[in-house]
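For reference, the structure discussed in these notes is given below.
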Amino acid sequence: MKRKLVSLMLVLSMTAAMVAGCGSNNSGSKNDNASKSDAADASKTDTEAPAADAEATGDGTVYYLNFKPEQDEQWQQLATKYTDETGVPVTVVTAASNTYEQTLKSEMAKSDAPTLFQVNGPVGLATWKDYCLDLKDTDLYSHVKSDDFVLKDGDAVDGIAYVIETYGLIYNKTVLNAYCKMDGAKVSSIDEINSFDKLKEVADDIQSRLAEVSEAAGPDYDLQGAFTSAGMDSSSDWRFKTHLANLPIYYEYKDKGITSTDAIEGTYLDNYKNIWDLYTTDSTCEPSMIATKTGDDATAEFSLGNAVFYQNGTWAYGDIINGGLLTDDDLGMMPIYIGAKGEENQGLCTGSENYWCINKNASEEDIKATEDFLNWVITSDAGRDCVANEMGFVTPFDTFDDGYTASNPFVEQANQYIADGKTAVSWNFSTIPSEEWKNNLGSALTAYASGTGTWDDVKTAFVDGWASEYAAANE
């Protein structure tokens, strides 16, 4: 995506909380709302916006294959609410974490295939475009603020993003401010951390005197490392084989003026090594332990005051706050610095890998029912309240501008970076050629950190693996 795209996303959309994101371990679930359920009572309001009068849509039904396990409960409640109001059956099936593509292939082969599904970007669209209804004449598309938020195949609108998210290096503001006042601190203000060299200098110093920094921060803190554990369990590894890998991809694309490639060169892999080494050495655990460390481990380490830095996104806000120790005043987010030229002007990583698609092979009745359901979700009071306040999504739809926002300090930080003229980092990992590429890279990173592999193995997985996986996907 172009820098213009990312800036526009933030200016138009980032005024609400994003507490939902990647990597949940929840198992798949299903709720068929053809029958009534008490879950409908969970909706907060029965008042509908004028544009979203819920009406029965003939004999059609809706089957949504949901990508986000962490929002399963809210989708089930919302589906039941809609069924209660209209009589239209809405089934929500939620794929388990890291199984969506496999589940989609299986479900699409059935006679009662999903009427609503999602793709993660251009690569996902290439696989499923023959199933995608052109959405350009739908009410849903009429409410999208910009075509920057859609996936197109020629003039056809095949997919529409429904959530915009941001990630970076979450930090404990209270601890860092206390550190800045200590004798010998490498910076006197958090704002001075605007490059990899400065980040490493600070992190190394904190790691060398954890007890001293803990005492300066206050009695609630017991620092075990500058960074949370870089867990490579499946609940956490996406943070590094996908989100962190986005940085060397982004800078290579930026240099070349491209948005995708069939053969990555790995120009910035030494920079990738810089930040990965920092994550695994200035850490709460030994590098040899990361294979078994989980996403929950990292969240707990940060939220309980055992680490200063935590790579994650706006979706982690709720889990951090629920930890009990930290408040909004303790939280900040800075860019992930890797030592690239000009990174002092870098903002946070912002984008989407969640695009709604309607199955054009469904019956006319089911297609109409699905279109009506989505329009209700983004225009009704019940739908907007659930999406914005229960799911915590920032959306690209103009219907959410009128009071359907929530507070999140990470979103506010992202807005501030834009206001300060920083360039947000686009989500280029949506062009990664396959899930197998990510898995092989993750294995190589884990082996390198534990001492059983080399960085050359990581380079091979990154560069040679990209070429071979791209070729396999496009043969």
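Only this structure's heavy atoms are used, side chains among them; waters, hydrogens and symmetry mates stay out.
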**OP:** Under the side chain to side chain contact (heavy atoms under 4.5 Å, CB included) rule, what do M333 and T166 come out as? Steps first, then yes or no, please.
**Re:** CA-CA 10 Å; M333 185 187 288; T166 290; 4.2 Å; yes

Original post:
Are E165 and K68 within salt-bridge range, i.e. N to O under 4.0 Å?
Top reply: yes

Original post:
Within a strict 4.5 Å, meaning less than it, do heavy atoms of the M334 and I190 side chains meet?
Top reply: yes

Original post:
Name the one of F117, F373, W75, Y82 that satisfies ring pair (Phe, Tyr, Trp, His ring centres under 6.0 Å) with Y64?
Top reply: W75

Original post:
In terms of heavy-atom contacts, does CD of E344 have more than 12 from other residues, nucleotides or ligands at under 6.0 Å?
Top reply: yes

Subject >> Candidates I320, T174, N408 - the one meeting side chain to side chain contact (heavy atoms under 4.5 Å, CB included) with L331 >> reply: I320

Original post:
How long is the span from the OG atom in S430 to the CD1 atom in I249, to the nearest 0.5 Å?
Top reply: 9.0 Å

Subject >> D329 vs T327, side-chain hydrogen bond (donor to acceptor under 3.5 Å, both in side chains): CA-CA, chis, key distance, verdict >> reply: CA-CA 5 Å; D329 292 338; T327 68; 4.5 Å; no

**OP:** Going by the side chain to side chain contact (heavy atoms under 4.5 Å, CB included) test, name the single residue among W315, Y317, Y167 that passes it with F410.
**Re:** Y317

Original post:
How long is the span from the CG atom in L304 to the OG1 atom in T299, to the nearest 0.5 Å?
Top reply: 10.0 Å

Subject >> Stepwise side chain to side chain contact (heavy atoms under 4.5 Å, CB included) test for V394 and I164 >> reply: CA-CA 5 Å; V394 168; I164 310 299; 4.3 Å; yes

Original post:
Would you call T395 and I378 a side-chain contact if the rule is heavy atoms closer than 4.5 Å?
Top reply: no

Original post:
Using 30° and 60° as the class limits, which term best fits the ring planes of H243 and W427: parallel, tilted or perpendicular?
Top reply: tilted

**OP:** Take W128 and Q118 through the test side-chain hydrogen bond (donor to acceptor under 3.5 Å, both in side chains) and record every step on the way to the result.
**Re:** CA-CA 9 Å; W128 295 102; Q118 61 192 78; over 6 Å; no

Original post:
Which atom names give the shortest non-hydrogen contact between I290 and A449, and what distance separates them?
Top reply: CD1-CB, 3.6 Å

Original post:
Would you find a donor on one side and an acceptor on the other, under 3.5 Å apart, between the side chain of S283 and the backbone of T280?
Top reply: no

Original post:
Where is the tightest heavy-atom contact between D205 and R209, given as atom of each residue plus distance?
Top reply: OD2-NH2, 3.0 Å

Original post:
How close do F196 and L278 get, heavy atom to heavy atom, and via which atoms?
Top reply: CE1-CD2, 3.9 Å

Original post:
Which pair of heavy atoms, one from F227 and one from A203, lies closest together, and at what distance?
Top reply: CE1-CB, 3.6 Å

**OP:** Compute whether any side-chain donor of one residue and acceptor of the other, for S195 and D197, lie under 3.5 angstrom apart.
**Re:** no

**OP:** Determine yes or no for a side-chain-to-main-chain donor-acceptor pair under 3.5 angstrom, with E371 supplying the side chain and T138 the backbone.
**Re:** no

Original post:
Parallel, tilted or perpendicular: which fits the ring planes of F400 and F397, with parallel below 30° and perpendicular above 60°?
Top reply: tilted

Original post:
If only atom types and distance count, is the side chain of E390 paired as donor or acceptor with the main-chain N or O of Q74 below 3.5 Å?
Top reply: no

Subject >> Criterion side-chain hydrogen bond (donor to acceptor under 3.5 Å, both in side chains) on Y404 and D381, from CA distance to verdict >> reply: CA-CA 9 Å; Y404 287 92; D381 284 346; 2.7 Å; yes

Original post:
Hey, what do you get for CG (L199) to CG (L169), rounding to the nearest 0.5 Å?
Top reply: 6.0 Å

Original post:
For the residue pair G295 and S236, what are the closest heavy atoms and their distance?
Top reply: N-CB, 3.4 Å

Subject >> Rounded distance [0.5 Å steps], CD in E469 versus CG in L441 >> reply: 12.0 Å

Subject >> N/O donor-acceptor pair under 3.5 Å between E252 side chain and G266 backbone >> reply: yes

**OP:** Measure from the side-chain N and O atoms of W466 to the backbone N and O of I432, and report whether any donor-acceptor pair falls under 3.5 Å.
**Re:** no

**OP:** Taking N306 for its side chain and D222 for its backbone only, find out whether a donor-acceptor pair lies under 3.5 Å.
**Re:** yes

Subject >> Residues T284 and T228: side-chain donor-acceptor under 3.5 angstrom >> reply: no

Original post:
Would F462 and W437 count as a close aromatic pair, with their ring centres under 6.0 Å?
Top reply: yes

Subject >> Parallel, tilted or perpendicular: rings of F67 and Y100 (30°, 60°) >> reply: perpendicular

**OP:** Would you confirm whether D420, through its side chain, and Y417, through its main-chain N or O, come within 3.5 Å as a donor-acceptor pair?
**Re:** no

Original post:
Is a side-chain N or O of Q207 found less than 3.5 angstrom from the main chain of A226, in a donor-acceptor match?
Top reply: yes

Subject >> Within-4.5 Å side-chain heavy-atom neighbours: N194 and Y337 >> reply: yes

**OP:** Say whether, by atom type as modelled, one donor and one acceptor occur between the side chain of N172 and the main chain of N177 under 3.5 angstrom.
**Re:** no

Original post:
Is a donor on one side and an acceptor on the other found under 3.5 Å between the side chain of T281 and the backbone of D277?
Top reply: yes

**OP:** I would like to know whether L65 and L104 meet side chain to side chain contact (heavy atoms under 4.5 Å, CB included); could you show each step before the answer?
**Re:** CA-CA 7 Å; L65 184 61; L104 181 58; 3.7 Å; yes

Original post:
Parallel under 30°, tilted from 30 to 60°, perpendicular over 60°: which one fits the rings of Y448 and W455?
Top reply: perpendicular

Subject >> Parallel, tilted or perpendicular: rings of Y162 and F393 (30°, 60°) >> reply: tilted

**OP:** For E412 and Q416, test the side chains for any donor-to-acceptor distance below 3.5 angstrom and give the result as yes or no.
**Re:** no

Original post:
Just wondering, do L244 and Y279 contact through their side chains at under 4.5 Å, heavy atoms?
Top reply: yes

**OP:** With the side chain counted from C-beta on, respond yes when Y171 and I193 share a heavy-atom pair under 4.5 Å apart, and no when they do not.
**Re:** no

**OP:** Show the numbers, then the answer: is there a side-chain hydrogen bond (donor to acceptor under 3.5 Å, both in side chains) between T294 and D296?
**Re:** CA-CA 5 Å; T294 68; D296 287 343; 5.1 Å; no

Original post:
Should we say atom NZ of K438 is surrounded by more than 12 heavy atoms from elsewhere, each under 6.0 Å from it?
Top reply: yes

**OP:** Starting at CD of Q224, measure out to OG of S229 and round the result to the nearest 0.5 Å.
**Re:** 11.5 Å

Original post:
In terms of side-chain geometry, is the basic nitrogen of K136 or D134 positioned less than 4.0 Å from the acidic oxygen of its partner?
Top reply: yes

Subject >> Pairwise side-chain contact, L247 with F429, heavy-atom cut-off 4.5 Å (strictly under) >> reply: no

**OP:** Please tell me if the side chains of Y251 and N271 come closer than 4.5 Å, counting only heavy atoms from C-beta onward.
**Re:** no

**OP:** Enter the distance from D237:CG to L445:CG here, rounded to the nearest 0.5 Å.
**Re:** 9.5 Å

Original post:
Is there a side-chain contact between Y272 and I338, using heavy atoms and a 4.5 Å cut-off?
Top reply: no

Subject >> Positive for side chain to side chain contact (heavy atoms under 4.5 Å, CB included) with L135, one of V150, L151, I358 >> reply: I358

**OP:** Grab the two heavy atoms, one from W376 and one from S380, that are nearest each other, plus how far apart they are.
**Re:** O-OG, 2.7 Å

